[in-house]
Amino acid sequence: MADAVPDRNARVAALLARVALSDQQAFAELYRQTSPHLYAVALRILREPAAAEEILQEAYVNVWHHAGTYVAARSQPLTWLTAIVRNRCLDQLRRREVDTVTMSAEGDDEPAFDLPSGDPSPADLLLEGADAQSVRDCVDALDAGPKQAIALAFFQGLSHAELAAHMQEPLGTVKSWVRRGLERLKRCLDGAGFAR
Amino acid sequence: MDLARPDRQERLERLAAEYALGTLPGRVRARLARVARSEPRVAAAIEAWETRLAVLAAAVPGVAPSPRVWERIVSRLRLSAGIPAAPAAAPWWERLAFWKTLTATAFAVALALGIALLAQRPEPAQPLVAVLAGADGKPALIASARRSEPFLLVKAVGAAPVAPGKALELWMLPQGQPPRSLGVLPAGEVVRVPLAGPSDTALANIPALAVSLEPTGGSPTGLPTGPVLYSGRIERMY
């Protein structure tokens, strides 16, 4: 990866502070530095370029208007930006679900979508993302089922029902994997000093 | 339900975690988001989880959005013209997929091919070898060195001809840092590329090499500007 997350956070925080003062150059630079990452996050969840572009556009318009509310409140700008994009994507996905009753039969034996070849799988990303050794240890400590379920949910936006279909496991099993996996991750991360 | 009550902490914690992860069903999700707007305790629980999980999001390799996204943002916000336009994709050397591909294929290729080819030389095999292959996986160049020698020997084994006005530039790829140029490759079947010192120190901490297509004379920016044509991991047999 390009550089350490703390460095990027500091750079992005400085840009956001200038964006809060309506600095257009800073906004363009913020877009240049963060849009490939945010677009990739959206694309993995929504799986449609047009929908991901739409979310990205909304998110940056939102950032332009609300950069000021960020600056005072939070210390992790990349987290803030990523959360804006992920939440908008997830809101849209979950709204779509209301209209579709169940997944089609072929959804059971096929992945939800094909990643471009050479792209890391969700499980790979889960480990790669854990760049600090303590985080890596925490992710590593998860059992295979919970690890896979959390990776698919996080990187591809799969719901409980979709996870169950994708992993060919009962819904209850998948739900408890997610719940136990998250609890364990929290205990481990917080214990390792990754609390806020 | 009053989620902000202390005795509901455990349930709040679980809901916040699943909200941040994204697995909550739509209605529960929308309700929790509404509650979070008026209950700081709920908002804080969600944010704590977003922070925990954000460490993971950092791994997603960047994908450049279409330039029209930036154009639309500019037009919607009525920003003044002349803003530096949309960004390029994350450079290839920063992409995770690039490194994963290298790791997956390069070692086998190097061992199977590089060493066999080098073994045909009369002198003892060079202990430092990188097989630079194109996107199709076919070896194009083989770089090798002895530990104590201050140069790389680069042998063309399948590189495509270079168009007039263009040149091949060789790069060291320190992981987590921008590439460092080793200079333009001269024409020739076997060429010598000088290093800053003996290869085992000059290339220490350099996991891979790459070749990009540049204007004659090399990249004007000090970083690769053209497409990366060939790349390969350095294998050290010492």
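Chain letters run A, B, ... following the sequence lines, proteins first, then strands; residues in each count from 1.
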Salt-bridge criterion met for A:Arg179 and B:Glu13 (N-O under 4.0 Å): no
Separation between CG of A:Asp190 and CZ of B:Arg52, rounded to the nearest 0.5 Å: 4.0 Å
Separation of B:Trp49 CH2 from A:Lys186 NZ (nearest 0.5 Å): 7.0 Å
Chain A contact via B:Ala30 - which portion, at a heavy-atom distance below 4.5 Å: neither
Side chain / backbone / both / neither for A:Leu163 at chain B, heavy atoms under 4.5 Å: side chain
Contact check, side chains of A:Glu183 and B:Glu10, non-hydrogen atoms, under 4.5 Å: no
Side chain A:Arg86, main chain B:Ala20, donor-acceptor under 3.5 Å: yes
Between CG on residue B:Leu21 and CG on residue A:Leu90, distance to nearest 0.5 Å: 8.5 Å
Distance in Å, B:Glu50 CD paired with A:Asn87 CG, rounded so as to fall on 0.5 Å steps: 5.0 Å
Heavy-atom closest contact (A:Arg94 atom, B:Gly26 atom, distance): CB-CA, 3.6 Å
Top contributor to chain B interface from A:Val41, A:Thr82, A:Leu56, A:Asp91 [non-hydrogen pairs under 4.5 Å]: A:Asp91
Spacing of B:Thr23 atom OG1 and A:Phe154 atom CZ [to the nearest 0.5 Å]: 12.0 Å
Residues which pass salt bridge (charged side-chain N to carboxylate O under 4.0 Å, His left out) with B:Glu18, listed by chain and number, not counting sequence neighbours: none
Residue list, side-chain contact (heavy atoms from CB on, under 4.5 Å) with B:Thr225, at least two apart or on another chain: B:Glu214, B:Pro215, B:Ser219, B:Pro220, B:Thr221
Worked check of salt bridge (charged side-chain N to carboxylate O under 4.0 Å, His left out) between B:Arg72 and A:Glu58: CA-CA 10 Å; B:Arg72 284 187 200 138; A:Glu58 292 294 329; over 6 Å; no
With A:Tyr60, the side-chain contact (heavy atoms from CB on, under 4.5 Å) member among B:Val69, B:Leu77, B:Ile73: B:Ile73
Chain A interface, residue from B:Arg68, B:Arg14, B:Arg29 that has the most non-hydrogen pairs under 4.5 Å: B:Arg29
Residue pair B:Val63 / A:Pro36, side-chain heavy-atom distance below 4.5 Å: no
Non-hydrogen side-chain atoms of B:Leu53 and A:Leu185 separated by less than 4.5 Å: yes
Top contributor to chain B interface from A:Phe27, A:Tyr39, A:Trp64 [non-hydrogen pairs under 4.5 Å]: A:Tyr39
